[in-house]
Amino acid sequence: MLELNFHPFPILETQRLLLKQITSIDTRDLFALRSNMKVMKFVKRPIAKSIDEINELLQKINTNWQNNNGNQWGITIKNSPQLIGVIGYHRIEKEHYRAEIGYMLNDDYWNKGITNEAIQAVIHYGFMQMKLHSIEAHIDPDNFISSKVLLKQGFIKEAYLKENFFFNGEFLDTEIYSLLKSNYQLK
């Protein structure tokens, strides 16, 4: 079985980005992200309505990290404290050496290659440090941009699930993308 240890918190650095631990300092930026209708359009979670909801989310993120059950990074531009997005492994199947990756980015930073840059660092960490065998992503089938990002990183579309997810009173479809370590290309 996969044994994980996220302590101390693994800070990741790319050419332009610093992926860091999300803390209470980031509460307002995280609220701005989770309450933005454009950003949340394809994220099937309730829109944040209060800072208290964000504090509960932060507590859940930190509990997962403390227990080595998940890891979320805050995406920042180097030399800037502003949290512009989040990325991480929020569901890890230790017995199968598999994790689900998820990400979201402030719409002011879309179409700048930031998601691609962040996902490369997190994939590399997942395969090289966490020793994952595979990484998957579950996305809304209408999220063509996310599909494009995943395909660019070498993921393949493995499944299209019909009405497998219930949210806001309706059943929704899901696409599942996956990347095996054996198919991972170091960039």
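Computed over heavy atoms, backbone and side chain alike; hydrogens, waters and symmetry mates excluded.
Residue Asn67 qualifies as enclosed at atom CG: its count of foreign heavy atoms under 6.0 Å is above 12. Within a 6.0 Å sphere centred on CG of Asn5, other residues, nucleotides and ligands contribute more than 12 heavy atoms. In Glu3, the CD atom is not crowded: 12 or fewer heavy atoms of neighbouring residues, nucleotides or ligands sit closer than 6.0 Å. Atom CD1 of Ile25 has 12 or fewer neighbouring heavy atoms from other residues, nucleotides or ligands inside a 6.0 Å radius. Around CD of Gln59, the count of heavy atoms belonging to other residues, nucleotides or ligands within 6.0 Å does not exceed 12. Around the CZ atom of Arg16, the shell of radius 6.0 Å holds more than 12 heavy atoms that belong to other residues, nucleotides or ligands.
Residues Leu18 and Met104 fall within the same hydrophobic cluster, defined by Ile, Leu, Val, Met, Phe, Trp and Tyr side chains chained together at heavy-atom separations under 4.5 Å. Both Ile61 and Ile11 are assigned to one and the same hydrophobic cluster, defined by single-linkage of ILVMFWY side chains at heavy-atom distances under 4.5 Å. At a threshold of 4.5 Å between side-chain heavy atoms, the hydrophobic network of Ile, Leu, Val, Met, Phe, Trp and Tyr places Trp110 and Leu30 in one connected group. By the criterion of side-chain heavy atoms lying less than 4.5 angstrom apart, applied directly or through intervening Ile, Leu, Val, Met, Phe, Trp or Tyr residues, Phe171 is not grouped with Phe42; the two fall into different hydrophobic clusters. Met37 and Tyr103 end up in the same hydrophobic cluster when Ile, Leu, Val, Met, Phe, Trp and Tyr side chains are linked at under 4.5 Å.
A side-chain donor-acceptor contact under 3.5 Å links Trp73 to the backbone of Pro10. With hydrogens and angles ignored, the 3.5 Å screen pairs no side-chain donor or acceptor of Thr174 with any backbone N or O of Leu161. Distance alone, capped at 3.5 Å, places no donor-acceptor pair between the Asn183 side chain and the Leu179 backbone. Side-chain atoms of Trp65 never come within 3.5 Å of backbone atoms of Gln72 as a donor-acceptor pair (strictly under, hydrogens ignored). For Asn164 (side chain) and Asp173 (main-chain N/O), no donor-acceptor pair under 3.5 Å exists by modelled atom type. Checked by atom type and distance alone, the side chain of Asn106 never pairs as donor or acceptor with a backbone atom of Leu33 at under 3.5 Å. Side chain of His133 to backbone of Lys181: no donor-acceptor contact under 3.5 angstrom is found.
When only modelled atom types and interatomic distance are considered, Tyr177 and Ser146 share no side-chain donor-acceptor pair under 3.5 Å. A donor-acceptor contact under 3.5 angstrom links the side chains of Asn69 and Lys94, judged on distance only.
For the atom pair NZ (Lys157) and CD1 (Ile139), the distance works out to 8.5 Å, reported to the nearest 0.5 Å. Here the CG-OH distance, from Leu132 to Tyr184, works out to 11.5 Å after rounding to the nearest 0.5 Å. Taking CG from Asp26 and CD1 from Ile75, the interatomic distance works out to 12.0 Å, rounded to the nearest 0.5 Å. Between Leu150 atom CG and Ile145 atom CD1 the span is 11.5 Å, to the nearest 0.5 Å. Phe31 contributes atom CZ, which lies 14.0 Å from atom CG of Leu83 (distance to the nearest 0.5 angstrom). Annotation: the span from Ser50 atom OG to Glu56 atom CD amounts to 7.5 Å, rounded to 0.5 Å.
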Inset, instruction - Evaluate the criterion side chain to side chain contact (heavy atoms under 4.5 Å, CB included) for residue pair Tyr109 and Thr115; output intermediate values, then yes/no. - result: CA-CA 9 Å; Tyr109 295 89; Thr115 302; over 6 Å; no

Legend entry - side chain to side chain contact (heavy atoms under 4.5 Å, CB included) assessment of Asn71 paired with Met130: CA-CA 11 Å; Asn71 203 22; Met130 293 171 62; over 6 Å; no

Inset, instruction - Take Phe155 and Val149, measure what side chain to side chain contact (heavy atoms under 4.5 Å, CB included) needs, and give me the verdict at the end. - result: CA-CA 9 Å; Phe155 283 72; Val149 166; over 6 Å; no

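When every heavy atom of Glu53 is checked against every heavy atom of Ile47, the shortest pair comes out as OE1-O, 3.9 Å. Nearest heavy atom pair, residue Ser178 against residue Ser134, reads OG-CB, 4.3 Å. Contact between Ile22 and Asn62 at its shortest, heavy atoms only, is O-OD1, 4.0 Å. Considering every non-hydrogen atom in both Asp29 and Pro81, the closest pair reads OD2-O, 4.4 Å. The two residues Tyr89 and Ile123 come nearest to each other via the heavy atoms OH-CA, 3.6 Å. Shortest non-hydrogen contact noted between Arg45 and Phe165 is NH1-CZ, 3.5 Å.
With a 4.5 Å cut-off on side-chain heavy atoms, Arg98 and Leu2 do not count as touching. At a threshold of 4.5 Å between non-hydrogen side-chain atoms, the residues Leu172 and Asp140 do not count as touching.
Residue pairs meeting the salt bridge (Lys or Arg N to Asp or Glu O under 4.0 Å) criterion with at least one partner in residues 67-91, sequence neighbours excluded, are Glu13-Lys78, Arg91-Glu93, Arg91-Glu100, Arg91-Glu136.
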